[in-house]
Amino acid sequence: ESYFRAFSNSPINSRPMHARASVMGLRRDGSEFPLEVTIAKINLGQTTEMTAILRDISERARLVEELKVAATTDPLTGIANRRQWDITMEREWERARRHQGVLAVLMIDVDEFKSYNDHFGHGKGDQCLQRVAALLQETERRRTNLVARYGGEEFVILLCAPQPGEAERLAEQIHQGLEALQIPHPASRVAATLTVSI
């Protein structure tokens, strides 16, 4: 009500309402959809008439969401990308500094990945990275933490406010999980199956 009163008294004749708050419409089937609402007014002497124009912006909202996901997600592995890592790390670093908190970072590098790619080809190399990313996500389940692809065959995990020894335990779980996957790596000088350095 205060929004309409303020608008009624303002010199502006048309204002998009979506700039102030998200507005949702309701379809016949009960599902909600995003709306763009523009309010227009006409002063007729002592009275003011207001008209609302409603526009379904479902497609625009879907495209915006897709762009957000594309901007923050690694397309190969489906986990956070380097850009999202940088944003999150900066925010969490500042928060930890302000509150004298603790962060831990695990840098994870797939051992001998170039030789794996050379031996099996890039398609199998991509599948290998996807399996490693899935393992990392499965192993690290805390919502406050972040698993990201740092670049190439490098991954990172940010632990926010970890318990003492949590980073070491997680690193050991990752090693054990990868050992259980038994991804063969005949071109490796390190081991017959895929390993990572953390």
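Below, all heavy atoms of this structure are taken into account, side chains as well, without hydrogens, waters or symmetry copies.
- When all heavy atoms are compared, the tightest approach of Ala96 to Leu103 is CB-CG, 3.9 Å.
- Annotation: side chain of Val105 is in contact with side chain of Met89 (closest heavy-atom distance under 4.5 Å).
- Atom-to-atom distance recorded for His99:NE2 and Arg97:CZ is 10.0 Å, nearest 0.5 angstrom.
- Below 30°, between 30° and 60°, or above 60°: for Tyr116 and Phe120 the angle between ring planes is between 30° and 60°, a tilted geometry.
- The local environment of CD in Glu90 is sparse, with at most 12 non-hydrogen atoms from other residues, nucleotides or ligands closer than 6.0 Å.
- Remark: the Asp109 side chain and the Ser197 side chain contain no N/O donor-acceptor pair separated by less than 3.5 Å.
- Residues His185 and Asp111 have side chains not in contact (no heavy-atom distance under 4.5 Å, counting atoms from C-beta outward).
- Surrounding CD of Glu59 are more than 12 heavy atoms belonging to other residues, nucleotides or ligands, all under 6.0 Å away.
- In this structure, the side chain of Glu140 does not engage the main chain of Leu146 through any donor-acceptor pair within 3.5 Å.
- Hydrophobic clustering places Leu136 together with Leu181 (ILVMFWY residues linked when any side-chain heavy atoms are closer than 4.5 Å, directly or through intermediates).
- To the nearest 0.5 Å, atoms CG (Asp56) and CD (Glu36) are separated by 10.5 Å.
- Linking Ile, Leu, Val, Met, Phe, Trp and Tyr residues whenever their side-chain heavy atoms come within less than 4.5 Å places Ile174 and Ile183 in a single cluster.
- Side-chain atoms of Asn81 come within 3.5 Å of backbone N or O of Ala71 as a donor-acceptor pair.
- Of all non-hydrogen atoms in Ala167 and Ala104, the two that sit nearest each other are CB-CB, 4.1 Å.
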Q: Assess whether side-chain contact (heavy atoms from CB on, under 4.5 Å) is satisfied between Glu179 and Thr193, documenting all intermediate values.
A: CA-CA 8 Å; Glu179 192 176 305; Thr193 57; 5.8 Å; no
Q: Starting from the C-alpha separation in whole Å, work towards a yes-or-no answer on side-chain contact (heavy atoms from CB on, under 4.5 Å) for Arg131 and Leu194.
A: CA-CA 11 Å; Arg131 290 182 74 185; Leu194 197 78; over 6 Å; no
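- More than 12 non-hydrogen atoms from other residues, nucleotides or ligands lie less than 6.0 angstrom from CZ of Arg27.
- Of the inter-residue distances, the one linking Ile79 atom CD1 with Thr73 atom OG1 reads 9.5 Å to the nearest 0.5 angstrom.
- In this structure, Phe113 is not a member of the same hydrophobic cluster as Val156, with clusters built from ILVMFWY side-chain heavy atoms closer than 4.5 Å.
- Val132 and Leu158 fall into different hydrophobic clusters, where Ile, Leu, Val, Met, Phe, Trp and Tyr residues are linked whenever their side-chain heavy atoms come under 4.5 Å apart, directly or through other members.
- Checked by atom type and distance alone, the side chain of Asn145 pairs as donor or acceptor with a backbone atom of Cys160 at under 3.5 Å.
- One hydrophobic cluster, built from ILVMFWY side chains closer than 4.5 Å, holds both Leu76 and Leu135.
- Distance check, rounded to the nearest 0.5 Å: CZ of Arg169 to CD of Glu172 gives 11.5 Å.
- Note that OG1 of Thr139 is 9.5 Å distant from CG of Leu178, once rounded to the nearest 0.5 Å.
- In this structure, Ser31 and Asp29 approach most closely via the heavy-atom pair OG-OD1, 2.6 Å.
- To the nearest 0.5 Å, atom NE2 of residue His175 and atom CG of residue Leu170 are 10.0 Å apart.
- Contact annotation: the side chain of Val110 approaches that of Phe155 to within less than 4.5 Å [non-hydrogen atoms, C-beta and beyond].
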